[in-house]
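Take a look at the structure below.
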Amino acid sequence: MSVPTFIAVVVLVFLARRAGSPALRPAAASLVLVNAPSNLDQFDWNAQAPPADWAAVRDRWQIAHAVRTAFCVIALGCLGVAITDRPFERTAAT
């Protein structure tokens, strides 16, 4: 997830909490489902001489990538639920 998107979700959670909005739960769930990149351990690899266990690392990365993608799709769904009813729209006081 890109940094601007992460910041936007944090702001959404903050605003939902401050407003007492029902959007807080799905927005917070979306924030929890955000994860870090799974390829940080490969920055120091040499493409001409990869480590001996590169295939095992690749396989773990593919599984982690599939899980991360599923979490991102679920997070997007949570954000959709959070904004469906315009939770921060002001209503006239009666």
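Atoms considered below: every heavy atom in the structure, side chains included; atoms not considered: hydrogens, waters and symmetry mates. Treat the numbers as computed from the prediction; the structure is a model and nothing was measured.
- Within 6.0 Å of the CZ atom in R25, the count of heavy atoms belonging to other residues, nucleotides or ligands does not exceed 12.
- Panel note: side chain T69, backbone H65; a donor-acceptor pair is recorded below 3.5 Å.
- Contacts of V57 classified as side chain to side chain contact (heavy atoms under 4.5 Å, CB included), with partners at least two apart in sequence or in another chain: D41, Q42, W45, D53, R60.
- Between the CG atom in L24 and the CG atom in L31 there is a gap of 10.5 Å [rounded to 0.5 Å].
- Separating the CG atom in L12 from the OG atom in S21 is a distance of 8.0 Å, to the nearest 0.5 Å.
- No path of Ile, Leu, Val, Met, Phe, Trp and Tyr side chains, each step under 4.5 Å between heavy atoms, connects L76 with V73, placing them in separate hydrophobic clusters.
- In this structure, F6 CZ and S30 OG are separated by 10.0 Å, a value rounded to the nearest 0.5 Å.
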